[in-house]
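One structure is given below, encoded as C-alpha coordinates.
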There are 2 protein chains.
Amino acid sequence: MQDILFNFISRYVSLTNDEKNAIRSLDLFHSVKKGTILLKEGQKSQNSYFVLKGCIRVYYIINGEEKTTAFYTELDALTPHCVVSKAPSQYYISCIEDTILAVSNADMEAEINCNFPKFESLCRMLSEELLAKQRIDFDEFKTSSPEQRYLNLVQKRPDLIQRVPQHQLASYLGIKPQSLSRLRARILEKSKA
Amino acid sequence: MQDILFNFISRYVSLTNDEKNAIRSLDLFHSVKKGTILLKEGQKSQNSYFVLKGCIRVYYIINGEEKTTAFYTELDALTPHCVVSKAPSQYYISCIEDTILAVSNADMEAEINCNFPKFESLCRMLSEELLAKQRIDFDEFKTSSPEQRYLNLVQKRPDLIQRVPQHQLASYLGIKPQSLSRLRARILEKSKA
DNA sequence: TTGGCCCGTTCACTTAAGTTAAGAAAGAAT
DNA sequence: ATTCTTTCTTAACTTAAGTGAACGGGCCAA
(Lines give C-alpha, C1' and ligand atoms only; values in the text may rest on other atoms or scores of the structure.)
Protein backbone atom coordinates (compact mmCIF):
# COMPACT_ATOMS: atom_id res chain seq x y z
CA MET A 1 0.00 0.00 0.00
CA GLN A 2 2.83 2.36 0.82
CA ASP A 3 4.34 1.69 -2.57
CA ILE A 4 1.12 2.69 -4.28
CA LEU A 5 1.13 5.97 -2.38
CA PHE A 6 4.81 6.68 -3.01
CA ASN A 7 4.43 5.87 -6.69
CA PHE A 8 1.57 8.30 -6.91
CA ILE A 9 3.53 11.02 -5.12
CA SER A 10 6.53 10.49 -7.38
CA ARG A 11 4.47 11.81 -10.29
CA TYR A 12 4.71 15.21 -8.64
CA VAL A 13 7.79 15.36 -6.42
CA SER A 14 10.65 13.02 -5.59
CA LEU A 15 10.95 12.19 -1.93
CA THR A 16 14.13 11.47 0.02
CA ASN A 17 14.21 8.48 2.31
CA ASP A 18 13.88 10.78 5.30
CA GLU A 19 10.76 12.24 3.84
CA LYS A 20 9.36 8.81 3.09
CA ASN A 21 10.03 7.74 6.64
CA ALA A 22 8.30 10.82 7.95
CA ILE A 23 5.23 9.80 5.98
CA ARG A 24 5.52 6.16 7.04
CA SER A 25 5.53 7.24 10.68
CA LEU A 26 2.15 8.89 10.30
CA ASP A 27 -0.08 5.85 10.49
CA LEU A 28 -2.07 6.93 7.45
CA PHE A 29 -3.55 3.66 6.28
CA HIS A 30 -6.97 2.45 7.28
CA SER A 31 -9.09 -0.45 6.12
CA VAL A 32 -12.76 0.35 5.99
CA LYS A 33 -15.67 -2.03 5.60
CA LYS A 34 -18.30 -1.64 2.90
CA GLY A 35 -21.16 0.48 4.20
CA THR A 36 -19.08 2.49 6.66
CA ILE A 37 -20.05 6.14 6.77
CA LEU A 38 -16.97 8.36 6.89
CA LEU A 39 -18.78 11.68 7.18
CA LYS A 40 -22.35 12.69 7.95
CA GLU A 41 -24.33 15.80 7.17
CA GLY A 42 -23.87 18.33 9.98
CA GLN A 43 -20.48 17.00 11.11
CA LYS A 44 -17.30 19.06 11.15
CA SER A 45 -14.64 16.61 10.12
CA GLN A 46 -10.95 17.39 9.69
CA ASN A 47 -10.15 14.36 7.57
CA SER A 48 -8.99 14.13 3.99
CA TYR A 49 -8.95 10.85 2.11
CA PHE A 50 -6.88 9.19 -0.54
CA VAL A 51 -8.26 5.97 -1.99
CA LEU A 52 -5.71 3.17 -2.35
CA LYS A 53 -8.26 0.46 -3.06
CA GLY A 54 -12.02 0.40 -3.21
CA CYS A 55 -14.64 3.07 -3.74
CA ILE A 56 -16.21 5.82 -1.69
CA ARG A 57 -19.23 7.87 -2.55
CA VAL A 58 -20.47 11.38 -1.79
CA TYR A 59 -24.19 11.89 -1.43
CA TYR A 60 -26.72 14.38 -0.17
CA ILE A 61 -30.10 13.73 1.36
CA ILE A 62 -32.52 16.19 -0.19
CA ASN A 63 -36.20 15.89 0.68
CA GLY A 64 -35.50 12.46 2.08
CA GLU A 65 -33.93 11.35 -1.19
CA GLU A 66 -30.33 10.28 -1.66
CA LYS A 67 -28.53 12.21 -4.36
CA THR A 68 -25.14 10.79 -5.25
CA THR A 69 -22.79 13.36 -6.75
CA ALA A 70 -19.33 11.77 -6.74
CA PHE A 71 -17.40 8.52 -6.63
CA TYR A 72 -13.75 8.28 -5.62
CA THR A 73 -11.82 5.19 -6.63
CA GLU A 74 -8.19 4.05 -6.81
CA LEU A 75 -5.76 7.00 -6.64
CA ASP A 76 -8.47 9.62 -6.16
CA ALA A 77 -8.03 12.22 -3.44
CA LEU A 78 -10.83 13.93 -1.55
CA THR A 79 -10.75 16.83 0.85
CA PRO A 80 -14.35 17.42 1.94
CA HIS A 81 -15.68 20.94 1.77
CA CYS A 82 -16.19 21.08 5.52
CA VAL A 83 -12.45 20.64 6.08
CA VAL A 84 -11.74 23.73 4.03
CA SER A 85 -14.67 25.86 5.13
CA LYS A 86 -14.69 24.72 8.77
CA ALA A 87 -18.46 24.62 8.47
CA PRO A 88 -20.73 21.59 9.08
CA SER A 89 -20.81 19.18 6.16
CA GLN A 90 -23.71 19.38 3.74
CA TYR A 91 -23.17 15.83 2.57
CA TYR A 92 -22.41 12.25 3.50
CA ILE A 93 -19.45 10.12 2.51
CA SER A 94 -19.68 6.36 2.63
CA CYS A 95 -17.77 3.32 1.42
CA ILE A 96 -19.57 1.31 -1.21
CA GLU A 97 -16.89 -1.39 -1.16
CA ASP A 98 -14.36 -2.63 1.37
CA THR A 99 -11.84 0.14 0.99
CA ILE A 100 -8.26 0.97 1.94
CA LEU A 101 -7.69 4.65 2.55
CA ALA A 102 -4.88 6.98 3.44
CA VAL A 103 -6.47 9.33 5.95
CA SER A 104 -4.92 12.62 6.97
CA ASN A 105 -6.30 15.37 9.15
CA ALA A 106 -5.94 19.12 8.80
CA ASP A 107 -3.61 19.55 11.80
CA MET A 108 -1.32 16.83 10.55
CA GLU A 109 -1.22 18.40 7.13
CA ALA A 110 -0.54 21.86 8.49
CA GLU A 111 2.43 20.51 10.43
CA ILE A 112 3.85 18.56 7.49
CA ASN A 113 3.34 21.50 5.18
CA CYS A 114 5.41 23.61 7.58
CA ASN A 115 8.24 21.12 7.97
CA PHE A 116 8.33 19.75 4.43
CA PRO A 117 7.92 22.46 1.80
CA LYS A 118 8.02 19.69 -0.77
CA PHE A 119 4.80 18.35 0.63
CA GLU A 120 3.11 21.70 0.33
CA SER A 121 4.34 21.82 -3.24
CA LEU A 122 2.76 18.43 -3.87
CA CYS A 123 -0.54 19.58 -2.40
CA ARG A 124 -0.51 22.73 -4.49
CA MET A 125 0.16 20.87 -7.72
CA LEU A 126 -2.39 18.23 -6.95
CA SER A 127 -5.09 20.75 -6.06
CA GLU A 128 -4.40 22.83 -9.14
CA GLU A 129 -4.57 19.77 -11.34
CA LEU A 130 -7.76 18.50 -9.75
CA LEU A 131 -9.33 21.94 -9.96
CA ALA A 132 -8.66 22.16 -13.69
CA LYS A 133 -9.81 18.58 -14.31
CA GLN A 134 -12.98 19.03 -12.33
CA ARG A 135 -13.66 22.21 -14.29
CA ILE A 136 -13.52 20.19 -17.52
CA ASP A 137 -15.82 17.54 -16.05
CA PHE A 138 -18.28 20.22 -15.01
CA ASP A 139 -18.13 21.79 -18.46
CA GLU A 140 -18.78 18.44 -20.12
CA PHE A 141 -21.71 17.88 -17.84
CA LYS A 142 -23.22 21.26 -18.67
CA THR A 143 -22.77 20.93 -22.40
CA SER A 144 -24.18 17.45 -22.85
CA SER A 145 -27.47 15.59 -22.53
CA PRO A 146 -28.06 12.79 -20.02
CA GLU A 147 -27.60 10.25 -22.80
CA GLN A 148 -24.28 11.77 -23.89
CA ARG A 149 -23.20 11.93 -20.26
CA TYR A 150 -23.92 8.23 -19.84
CA LEU A 151 -22.03 7.32 -23.01
CA ASN A 152 -19.19 9.54 -21.87
CA LEU A 153 -19.08 7.72 -18.56
CA VAL A 154 -18.98 4.36 -20.31
CA GLN A 155 -15.87 5.59 -22.11
CA LYS A 156 -14.11 7.28 -19.23
CA ARG A 157 -14.94 5.21 -16.18
CA PRO A 158 -16.29 1.87 -17.41
CA ASP A 159 -15.46 0.32 -14.02
CA LEU A 160 -18.00 2.56 -12.30
CA ILE A 161 -20.84 1.15 -14.33
CA GLN A 162 -19.93 -2.31 -13.08
CA ARG A 163 -19.26 -1.59 -9.46
CA VAL A 164 -21.93 1.00 -8.65
CA PRO A 165 -25.71 0.45 -8.30
CA GLN A 166 -27.78 2.01 -11.09
CA HIS A 167 -29.78 4.32 -8.89
CA GLN A 168 -26.57 5.86 -7.59
CA LEU A 169 -25.23 6.22 -11.11
CA ALA A 170 -28.47 7.92 -12.10
CA SER A 171 -28.15 10.83 -9.72
CA TYR A 172 -24.45 11.01 -10.56
CA LEU A 173 -25.67 11.65 -14.12
CA GLY A 174 -28.22 14.16 -12.89
CA ILE A 175 -31.31 12.07 -13.61
CA LYS A 176 -33.75 9.63 -11.97
CA PRO A 177 -33.12 5.87 -11.91
CA GLN A 178 -36.13 5.25 -14.16
CA SER A 179 -34.73 7.64 -16.74
CA LEU A 180 -31.39 5.87 -16.70
CA SER A 181 -33.12 2.54 -17.24
CA ARG A 182 -35.07 3.94 -20.17
CA LEU A 183 -32.07 5.70 -21.62
CA ARG A 184 -30.04 2.50 -21.58
CA ALA A 185 -32.87 0.62 -23.29
CA ARG A 186 -32.94 3.37 -25.92
CA ILE A 187 -29.21 3.07 -26.58
CA LEU A 188 -29.51 -0.70 -26.85
CA GLU A 189 -32.38 -0.24 -29.31
CA LYS A 190 -30.28 2.08 -31.45
CA SER A 191 -27.24 -0.20 -31.50
CA LYS A 192 -29.43 -3.07 -32.70
CA ALA A 193 -30.94 -1.07 -35.56
CA MET B 1 -5.69 47.98 -8.15
CA GLN B 2 -2.69 46.76 -6.16
CA ASP B 3 -4.60 47.35 -2.97
CA ILE B 4 -7.42 45.14 -4.16
CA LEU B 5 -4.96 42.36 -4.86
CA PHE B 6 -3.11 42.74 -1.58
CA ASN B 7 -6.35 42.84 0.34
CA PHE B 8 -7.40 39.62 -1.30
CA ILE B 9 -4.07 37.96 -0.56
CA SER B 10 -4.22 39.06 3.06
CA ARG B 11 -7.19 36.75 3.56
CA TYR B 12 -4.75 33.87 3.21
CA VAL B 13 -1.24 35.03 4.15
CA SER B 14 0.30 38.25 5.44
CA LEU B 15 2.98 39.67 3.21
CA THR B 16 6.05 41.63 4.28
CA ASN B 17 6.89 44.82 2.45
CA ASP B 18 9.68 43.02 0.63
CA GLU B 19 7.23 40.43 -0.60
CA LYS B 20 4.79 43.11 -1.67
CA ASN B 21 7.54 44.85 -3.59
CA ALA B 22 8.49 41.61 -5.29
CA ILE B 23 4.91 41.31 -6.50
CA ARG B 24 4.75 44.97 -7.49
CA SER B 25 7.83 44.53 -9.64
CA LEU B 26 6.12 41.86 -11.72
CA ASP B 27 4.03 44.08 -13.96
CA LEU B 28 0.94 41.96 -13.39
CA PHE B 29 -1.80 44.38 -14.25
CA HIS B 30 -3.40 44.59 -17.66
CA SER B 31 -6.40 46.47 -18.97
CA VAL B 32 -8.36 44.54 -21.56
CA LYS B 33 -11.08 45.82 -23.86
CA LYS B 34 -14.50 44.23 -24.07
CA GLY B 35 -14.49 41.55 -26.74
CA THR B 36 -10.80 40.68 -26.43
CA ILE B 37 -10.12 36.96 -26.72
CA LEU B 38 -7.57 35.88 -24.12
CA LEU B 39 -7.34 32.25 -25.17
CA LYS B 40 -8.49 30.27 -28.21
CA GLU B 41 -9.23 26.63 -28.75
CA GLY B 42 -6.05 24.82 -29.79
CA GLN B 43 -3.68 27.30 -28.14
CA LYS B 44 -1.18 26.36 -25.46
CA SER B 45 -1.19 29.36 -23.16
CA GLN B 46 0.83 29.71 -19.98
CA ASN B 47 -1.26 32.47 -18.47
CA SER B 48 -3.39 32.52 -15.36
CA TYR B 49 -5.82 35.32 -14.62
CA PHE B 50 -7.15 37.12 -11.60
CA VAL B 51 -10.05 39.49 -12.23
CA LEU B 52 -9.74 42.85 -10.50
CA LYS B 53 -12.58 44.50 -12.36
CA GLY B 54 -14.88 43.34 -15.13
CA CYS B 55 -15.95 39.93 -16.37
CA ILE B 56 -14.43 37.18 -18.47
CA ARG B 57 -16.18 34.18 -19.91
CA VAL B 58 -15.20 30.62 -20.81
CA TYR B 59 -16.89 29.03 -23.77
CA TYR B 60 -16.60 26.09 -26.13
CA ILE B 61 -17.59 25.89 -29.74
CA ILE B 62 -19.39 22.59 -30.23
CA ASN B 63 -20.94 21.85 -33.61
CA GLY B 64 -20.55 25.50 -34.49
CA GLU B 65 -22.47 26.53 -31.38
CA GLU B 66 -21.10 28.59 -28.53
CA LYS B 67 -21.50 26.93 -25.15
CA THR B 68 -20.69 29.19 -22.23
CA THR B 69 -19.66 27.30 -19.11
CA ALA B 70 -18.18 29.87 -16.74
CA PHE B 71 -17.99 33.53 -15.82
CA TYR B 72 -15.24 35.05 -13.74
CA THR B 73 -15.86 38.39 -12.08
CA GLU B 74 -14.27 40.57 -9.39
CA LEU B 75 -11.80 38.59 -7.21
CA ASP B 76 -12.18 35.36 -9.18
CA ALA B 77 -9.06 33.47 -10.19
CA LEU B 78 -8.71 31.28 -13.25
CA THR B 79 -5.92 28.95 -14.29
CA PRO B 80 -6.97 27.44 -17.62
CA HIS B 81 -6.76 23.70 -17.98
CA CYS B 82 -4.15 23.98 -20.74
CA VAL B 83 -1.71 25.64 -18.34
CA VAL B 84 -1.89 22.66 -16.02
CA SER B 85 -2.08 19.90 -18.62
CA LYS B 86 0.29 21.50 -21.11
CA ALA B 87 -2.12 20.38 -23.81
CA PRO B 88 -3.92 22.60 -26.34
CA SER B 89 -6.92 24.41 -24.93
CA GLN B 90 -10.35 22.96 -25.56
CA TYR B 91 -12.03 26.27 -24.94
CA TYR B 92 -12.03 30.01 -25.49
CA ILE B 93 -11.77 32.78 -22.95
CA SER B 94 -12.99 36.26 -23.76
CA CYS B 95 -13.75 39.52 -22.00
CA ILE B 96 -17.40 40.44 -21.99
CA GLU B 97 -16.68 43.81 -20.39
CA ASP B 98 -13.71 46.15 -20.26
CA THR B 99 -11.67 44.29 -17.69
CA ILE B 100 -8.65 44.77 -15.46
CA LEU B 101 -6.70 41.59 -14.88
CA ALA B 102 -3.68 40.42 -12.98
CA VAL B 103 -1.96 38.09 -15.40
CA SER B 104 0.74 35.65 -14.39
CA ASN B 105 2.44 32.96 -16.40
CA ALA B 106 3.58 29.51 -15.36
CA ASP B 107 7.32 30.30 -15.42
CA MET B 108 6.82 33.37 -13.31
CA GLU B 109 4.78 31.41 -10.81
CA ALA B 110 7.30 28.59 -10.66
CA GLU B 111 10.02 31.08 -9.85
CA ILE B 112 8.04 32.89 -7.20
CA ASN B 113 6.91 29.63 -5.65
CA CYS B 114 10.58 28.67 -5.31
CA ASN B 115 11.71 31.93 -3.80
CA PHE B 116 8.67 32.72 -1.66
CA PRO B 117 7.29 29.65 0.10
CA LYS B 118 4.55 31.88 1.39
CA PHE B 119 3.33 32.35 -2.13
CA GLU B 120 3.19 28.64 -2.73
CA SER B 121 1.23 28.37 0.48
CA LEU B 122 -1.20 30.96 -0.81
CA CYS B 123 -1.64 29.07 -4.06
CA ARG B 124 -2.23 25.81 -2.25
CA MET B 125 -4.86 27.28 0.05
CA LEU B 126 -6.57 29.08 -2.78
CA SER B 127 -6.66 25.98 -4.99
CA GLU B 128 -7.94 23.79 -2.21
CA GLU B 129 -10.66 26.28 -1.41
CA LEU B 130 -11.68 26.71 -5.03
CA LEU B 131 -11.66 22.97 -5.56
CA ALA B 132 -14.01 22.41 -2.66
CA LYS B 133 -16.27 25.31 -3.66
CA GLN B 134 -16.46 24.20 -7.26
CA ARG B 135 -17.32 20.71 -6.05
CA ILE B 136 -20.31 22.16 -4.20
CA ASP B 137 -21.36 24.15 -7.27
CA PHE B 138 -21.15 21.03 -9.40
CA ASP B 139 -23.17 19.09 -6.85
CA GLU B 140 -25.85 21.78 -6.78
CA PHE B 141 -25.99 21.73 -10.55
CA LYS B 142 -26.42 17.96 -10.63
CA THR B 143 -29.07 17.85 -7.99
CA SER B 144 -31.32 20.59 -9.29
CA SER B 145 -33.56 21.36 -12.25
CA PRO B 146 -32.90 24.16 -14.73
CA GLU B 147 -35.52 26.27 -12.98
CA GLN B 148 -33.94 25.71 -9.57
CA ARG B 149 -30.54 26.46 -11.04
CA TYR B 150 -31.81 29.75 -12.39
CA LEU B 151 -33.39 30.72 -9.08
CA ASN B 152 -30.21 29.71 -7.33
CA LEU B 153 -28.22 31.96 -9.64
CA VAL B 154 -30.54 34.87 -8.94
CA GLN B 155 -29.73 34.40 -5.26
CA LYS B 156 -26.00 33.82 -5.51
CA ARG B 157 -24.85 35.96 -8.40
CA PRO B 158 -27.60 38.48 -9.14
CA ASP B 159 -25.07 40.70 -10.89
CA LEU B 160 -24.51 38.07 -13.59
CA ILE B 161 -28.12 38.20 -14.65
CA GLN B 162 -27.74 41.92 -15.26
CA ARG B 163 -24.39 41.98 -16.97
CA VAL B 164 -24.51 38.86 -19.12
CA PRO B 165 -26.62 38.25 -22.28
CA GLN B 166 -29.41 35.70 -21.89
CA HIS B 167 -28.15 33.23 -24.45
CA GLN B 168 -24.82 33.01 -22.59
CA LEU B 169 -26.62 32.57 -19.29
CA ALA B 170 -28.69 29.81 -20.84
CA SER B 171 -25.79 27.54 -21.67
CA TYR B 172 -24.24 28.43 -18.32
CA LEU B 173 -27.42 26.89 -16.87
CA GLY B 174 -27.16 23.92 -19.20
CA ILE B 175 -30.16 24.80 -21.37
CA LYS B 176 -31.12 26.57 -24.64
CA PRO B 177 -31.93 30.29 -24.77
CA GLN B 178 -35.56 29.54 -25.67
CA SER B 179 -35.90 27.36 -22.60
CA LEU B 180 -34.50 30.09 -20.38
CA SER B 181 -36.99 32.56 -21.83
CA ARG B 182 -39.86 30.18 -21.20
CA LEU B 183 -38.64 29.27 -17.74
CA ARG B 184 -38.47 32.92 -16.74
CA ALA B 185 -41.99 33.51 -18.04
CA ARG B 186 -43.13 30.52 -16.00
CA ILE B 187 -41.55 31.89 -12.82
CA LEU B 188 -43.14 35.29 -13.43
CA GLU B 189 -46.52 33.58 -13.92
CA LYS B 190 -46.16 31.76 -10.61
CA SER B 191 -45.15 34.86 -8.67
CA LYS B 192 -48.22 36.67 -9.96
CA ALA B 193 -50.60 33.88 -8.96
C1' DT C 1 -33.63 56.69 -42.91
C1' DT C 2 -33.09 52.27 -44.32
C1' DG C 3 -31.44 47.75 -44.21
C1' DG C 4 -29.14 44.20 -41.84
C1' DC C 5 -27.89 41.86 -37.75
C1' DC C 6 -28.14 40.30 -33.14
C1' DC C 7 -30.98 39.29 -29.46
C1' DG C 8 -34.82 37.94 -26.83
C1' DT C 9 -39.49 36.18 -26.95
C1' DT C 10 -43.24 33.36 -28.49
C1' DC C 11 -45.47 29.41 -30.70
C1' DA C 12 -46.34 24.77 -32.35
C1' DC C 13 -44.45 20.51 -32.35
C1' DT C 14 -41.22 16.73 -30.92
C1' DT C 15 -38.59 14.38 -27.72
C1' DA C 16 -37.04 13.12 -23.38
C1' DA C 17 -37.11 13.37 -18.44
C1' DG C 18 -40.12 13.39 -14.05
C1' DT C 19 -43.84 10.96 -11.58
C1' DT C 20 -46.50 7.30 -9.93
C1' DA C 21 -47.25 2.69 -9.69
C1' DA C 22 -46.55 -2.13 -10.33
C1' DG C 23 -44.00 -6.16 -10.85
C1' DA C 24 -39.80 -9.08 -11.59
C1' DA C 25 -35.13 -10.22 -10.09
C1' DA C 26 -31.42 -10.44 -7.06
C1' DG C 27 -29.50 -10.28 -2.31
C1' DA C 28 -29.45 -10.35 2.59
C1' DA C 29 -31.32 -12.03 6.86
C1' DT C 30 -33.48 -15.21 9.71
C1' DA D 1 -35.85 -22.48 2.36
C1' DT D 2 -38.51 -18.51 3.09
C1' DT D 3 -39.19 -13.96 3.84
C1' DC D 4 -37.99 -9.27 3.47
C1' DT D 5 -35.74 -5.69 1.24
C1' DT D 6 -33.45 -3.49 -2.20
C1' DT D 7 -32.66 -2.83 -6.96
C1' DC D 8 -33.93 -2.64 -11.60
C1' DT D 9 -37.23 -2.50 -15.21
C1' DT D 10 -41.52 -1.39 -17.54
C1' DA D 11 -45.57 1.25 -18.49
C1' DA D 12 -48.88 5.16 -18.71
C1' DC D 13 -49.18 9.78 -17.94
C1' DT D 14 -47.44 14.59 -16.98
C1' DT D 15 -44.25 18.12 -17.42
C1' DA D 16 -40.51 20.47 -19.24
C1' DA D 17 -36.74 20.95 -22.42
C1' DG D 18 -35.17 20.69 -27.49
C1' DT D 19 -36.21 22.18 -32.26
C1' DG D 20 -37.44 25.08 -36.02
C1' DA D 21 -39.56 29.07 -37.35
C1' DA D 22 -41.38 33.65 -37.02
C1' DC D 23 -41.74 38.29 -35.05
C1' DG D 24 -40.37 42.61 -32.88
C1' DG D 25 -36.97 45.62 -30.74
C1' DG D 26 -32.56 47.64 -30.47
C1' DC D 27 -28.26 48.79 -32.51
C1' DC D 28 -24.97 49.81 -35.89
C1' DA D 29 -23.49 51.07 -40.38
C1' DA D 30 -24.19 52.41 -44.86
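By convention in this document, chain letters (A, B, ...) are assigned in the order of the sequence lines, proteins followed by strands, and residues within each chain are numbered from 1.
Side chains of D139(B) and Y60(A): a donor on one and an acceptor on the other come within 3.5 Å. A side-chain N or O of S121(B) and one of E120(A) form a donor-acceptor pair less than 3.5 Å apart. Side-chain contact, S89(A) with Q43(A): no donor N or O sits under 3.5 Å from an acceptor N or O. Side-chain atoms of Y12(A) and E129(A) include a donor-acceptor pair closer than 3.5 Å.
Taking atom OH of residue Y150(B) and atom C1' of nucleotide dA16(D), one finds them 17 Å apart after rounding to whole Å. Between the C1' atom of dA16(C) and the NZ atom of K190(A) lies a distance of 10 Å, rounded to the nearest Å. Regarding R186(B), its CZ atom lies at a distance of 9 Å from the C1' atom of dA17(D), rounded to whole Å. Separating the CZ atom of R149(A) from the C1' atom of dA16(C) is a distance of 12 Å, rounded to the nearest angstrom. Between the CD atom of E147(A) and the P atom of dG18(D) there is a distance of 14 Å, rounded to whole Å. When the P atom of dA17(D) is taken as reference, atom CG of L169(B) falls 15 Å away, rounded to whole Å. For the pair I175(B) CD1 and dG8(C) P, the interatomic distance rounds to 13 Å; values are reported in whole Å. Atom-to-atom, CG of N63(B) to P of dT19(D) comes out at 10 Å; the value is rounded to the nearest Å.
Taking the six-membered ring wherever Trp is involved, the centroid distance between the rings of F50(B) and F8(B) falls below 6.0 Å.
Sparse packing is recorded around CD of E111(B), with 12 or fewer heavy atoms of other residues, nucleotides or ligands lying under 6.0 Å away.
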Hey, mind stepping through Y172(A) and F71(A) against ring pair (Phe, Tyr, Trp, His ring centres under 6.0 Å) and telling me if it holds?
CA-CA 8 Å; Y172(A) 182 72; F71(A) 299 101; 5.1 Å; yes
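With hydrophobic clusters built from ILVMFWY side chains whose heavy atoms lie under 4.5 angstrom apart, I62(A) does not share a cluster with Y150(B).
The cationic atom of K67(A) (NZ for Lys, CZ for Arg) does not lie both less than 6.0 Å from the six-membered ring centre of Y59(A) and within 45° of the ring axis. Both tests pass for R149(A) against the ring of F141(A): distance under 6.0 Å to the centre and angle within 45° of the axis.
Take the nearest nucleotide of DNA chain C for S179(B) and for K34(A): the residue whose nucleotide is more 5' is S179(B).
Each end of the helix from dT1(C)-dA30(D) to dT30(C)-dA1(D) gets its own rotation axis from five pairs of C1' atoms, and the angle between them is 40° to the nearest 10 degrees.
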What nitrogen or oxygen pairs link the protein and nucleotides 27-30 of chain D at under 3.5 Å?
none

Under 3.5 Å, which N/O atoms of the protein pair with N/O atoms of nucleotides 6-15 of chain D?
unit_1 : atom_1 : unit_2  : atom_2 : d
dC8(D) : OP1    : Q166(A) : N      : 2.7
dC8(D) : OP2    : Q166(A) : N      : 3.1
dC8(D) : OP2    : H167(A) : N      : 3.0
dC8(D) : OP2    : H167(A) : ND1    : 2.9
dT9(D) : OP2    : S181(A) : OG     : 2.6
dT9(D) : O5'    : S181(A) : OG     : 3.1

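Using a 4.5 Å heavy-atom cutoff, the side chains of L75(A) and R11(A) are in contact.
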